[in-house]
Amino acid sequence: QRFLDLKHFVASYREALSKTLPDAASQSAQTKAEEALKTAASGQTTQAIDLFKAALEIHPDAIKARLGLALAFSRTGHTAEALAEIRQAVIRARTQEERIAVAKGTLPILNESSLRGDLPAYGFDLAEREWALLELLGAEDQDSLIKLGDLFQRGLNLSRSLEAFDRARL
C-alpha cells in the first residue's frame with residue numbers, strides 16, 4: 001500500500017513539475033528577450049543576437065525572442081539567417097496572435113533585405129503569403145500595408161503595390 005501511495009505521489013509531483021517548468025522557462029526566456037530588445041535598441045546588435053540565442057536555448061518556442069533574433073540578423077545583413085528564424089517562428093507559433101506577430105515581423109525583414117538588394121527569389125512569395133494571412137485574419141494594419149506596398153514597388157509588381165497602398169488609404 002505504501003508503495004502505491006509513493007508511486008502516486010511521485011507521478012503527481014512529476015505532472016505538477018512538468019506544468020511549471022515550461023512557464024518558468026518561458027518567463028526566463030521572456031526576460032532575456034526583453035534584455036536583448038533593449039540591447040538592440042541601444043545599437044549593440046551583436047550582443048543582442050547573443051542574448052536572443054540565450055533566450056531561445058532556454059525556451060525554443062519563445063516567438064518574441066525568435067522574431068527579435070530574426071530582425072537582429074537582418075539588421076546585420078544576414079538575410080538567410082533572418083529568414084531561417086522566421087521559418088522557425090512560423091513552425092513554432094501556437095496561437096493566432098503569435099502567427100499574426102510572425103507575419104508582421106516578417107515584413108520589415110523582407111523590406112530591409114529588398115533595400116539592400118539581397119532579397120531571395122522566394123521573398124515576394126513569402127510577402128504574398130504573409131499578406132494573405134493578415135487579410136484572412138483581419139489583421140492588416142497601415143504599417144504592414146505600407147511595408148508591403150514598398151516591397152512590391154521595389155519588385156516592380158506595381159498592381160500589388162498600388163493595392164497595398166490603397167488599402168492603407170495613402
Side-chain angles (χ1 to χ4, degrees), residues 22-23 25-27 29-41 43 45 48-49 51-53 55-56 58-170:
D23 291 337
S26 177
Q27 195 63 18
Q30 180 76 15
T31 302
K32 281 267 190 225
E34 288 170 8
E35 181 183 349
L37 287 171
K38 289 176 186 173
T39 303
T45 310
I49 288 172
L51 290 168
F52 283 125
K53 286 180 178 179
L56 291 170
I58 297 167
H59 189 54
D61 292 336
I63 297 300
K64 186 176 183 178
R66 199 159 294 280
L67 290 174
L69 179 58
L71 189 58
F73 274 143
S74 177
R75 296 242 162 98
T76 58
H78 296 97
T79 301
E81 291 87 348
L83 294 176
E85 290 303 325
I86 289 294
R87 179 170 161 42
Q88 283 300 310
V90 168
I91 291 168
R92 294 171 186 273
R94 300 214 189 295
T95 66
Q96 182 173 317
E97 292 78 23
E98 285 180 341
R99 187 59 186 93
I100 290 169
V102 172
K104 289 182 177 183
T106 301
L107 300 178
I109 292 167
L110 294 175
N111 230 359
E112 285 181 8
S113 63
S114 174
L115 283 169
R116 286 192 307 268
D118 65 357
L119 183 69
Y122 63 88
F124 293 106
D125 293 334
L126 182 56
E128 287 283 1
R129 183 188 74 199
E130 298 308 293
W131 187 1
L133 178 86
L134 290 173
E135 183 180 15
L136 177 71
L137 298 176
E140 291 176 313
D141 61 7
Q142 189 176 38
D143 186 50
S144 297
L145 290 167
I146 290 170
K147 284 181 176 68
L148 284 161
D150 288 343
L151 180 65
F152 286 120
Q153 187 174 24
R154 278 190 296 284
L156 301 178
N157 189 340
L158 298 181
S159 64
R160 291 300 275 163
S161 176
L162 288 172
E163 182 181 351
F165 287 140
D166 184 52
R167 286 186 182 194
R169 302 287 185 245
L170 295 178

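Only a predicted model underlies this, so the values are computations on that prediction, with no experimental measurement involved.
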Inter-residue atom distance [X].[atom1] - [Y].[atom2], 0.5 Å rounding:
X	Y	atom1	atom2	value
Q30	H59	CD	NE2	9.5 Å
L148	L107	CG	CG	4.5 Å
K64	F52	NZ	CZ	9.0 Å
L56	I58	CG	CD1	9.0 Å
E140	L134	CD	CG	6.5 Å
L69	L51	CG	CG	10.5 Å

Closest heavy-atom pair and its distance - [X], [Y]:
X	Y	result
Q142	A168	NE2-O, 3.1 Å
V102	A89	CG2-CB, 3.7 Å
A65	A33	CB-CB, 3.9 Å
I49	A72	CG1-CB, 3.6 Å
P108	L71	CB-CD1, 4.5 Å
L151	F124	O-CE2, 3.4 Å

Does a side-chain heavy-atom distance below 4.5 Å link I109 with L83?
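Yes. Closest side-chain heavy atoms under 4.5 Å.
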
Measure the shortest side-chain to side-chain distance between S74 and R116 over non-hydrogen atoms and say whether it is less than 4.5 angstrom.
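Yes, side chains in contact.
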
Can you tell me which residue pairs pass the salt bridge (charged side-chain N to carboxylate O under 4.0 Å, His left out) test with a partner in residues 65-77, sequence neighbours excluded?
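Residue pairs passing salt bridge (charged side-chain N to carboxylate O under 4.0 Å, His left out), neighbours aside: R66-E85, R75-E112.
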
CZ/R87: more than 12 non-hydrogen atoms of other groups inside 6.0 Å:
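At most 12 heavy atoms, drawn from other residues, nucleotides or ligands, come within 6.0 Å of this atom.
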
Tell me whether S161 contacts the main-chain N or O of N157 through its side chain, where contact means a donor paired with an acceptor under 3.5 Å.
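The answer is no, because no donor-acceptor pair under 3.5 Å joins these two groups.
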
As a test of understanding, state which of K104, K147, R167 forms a salt bridge (Lys or Arg N to Asp or Glu O under 4.0 Å) with D141.
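Going through the options one by one, the only one that passes is K104.
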
Among L126, L115, I86, side chain to side chain contact (heavy atoms under 4.5 Å, CB included) partner for L110:
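Of all the options given, the one that passes is L126.
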
Looking at Q88, E98, E97, which one forms a side chain to side chain contact (heavy atoms under 4.5 Å, CB included) with I63?
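Among Q88, E98, E97, the one that satisfies the side chain to side chain contact (heavy atoms under 4.5 Å, CB included) with I63 is E98.
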
Describe, in one word, how the ring planes of F73 and H78 are oriented to each other, choosing from parallel (under 30°), tilted (30 to 60°) and perpendicular (over 60°).
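Perpendicular.
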
Does any donor atom in the side chain of T106 or R129 lie under 3.5 Å from an acceptor atom in the other side chain?
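Result is no, nothing qualifies.
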
Taking only Lys NZ, Arg NE, NH1 and NH2, and the carboxylate oxygens of Asp or Glu, determine whether K38 and E35 approach each other closer than 4.0 Å.
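No.
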
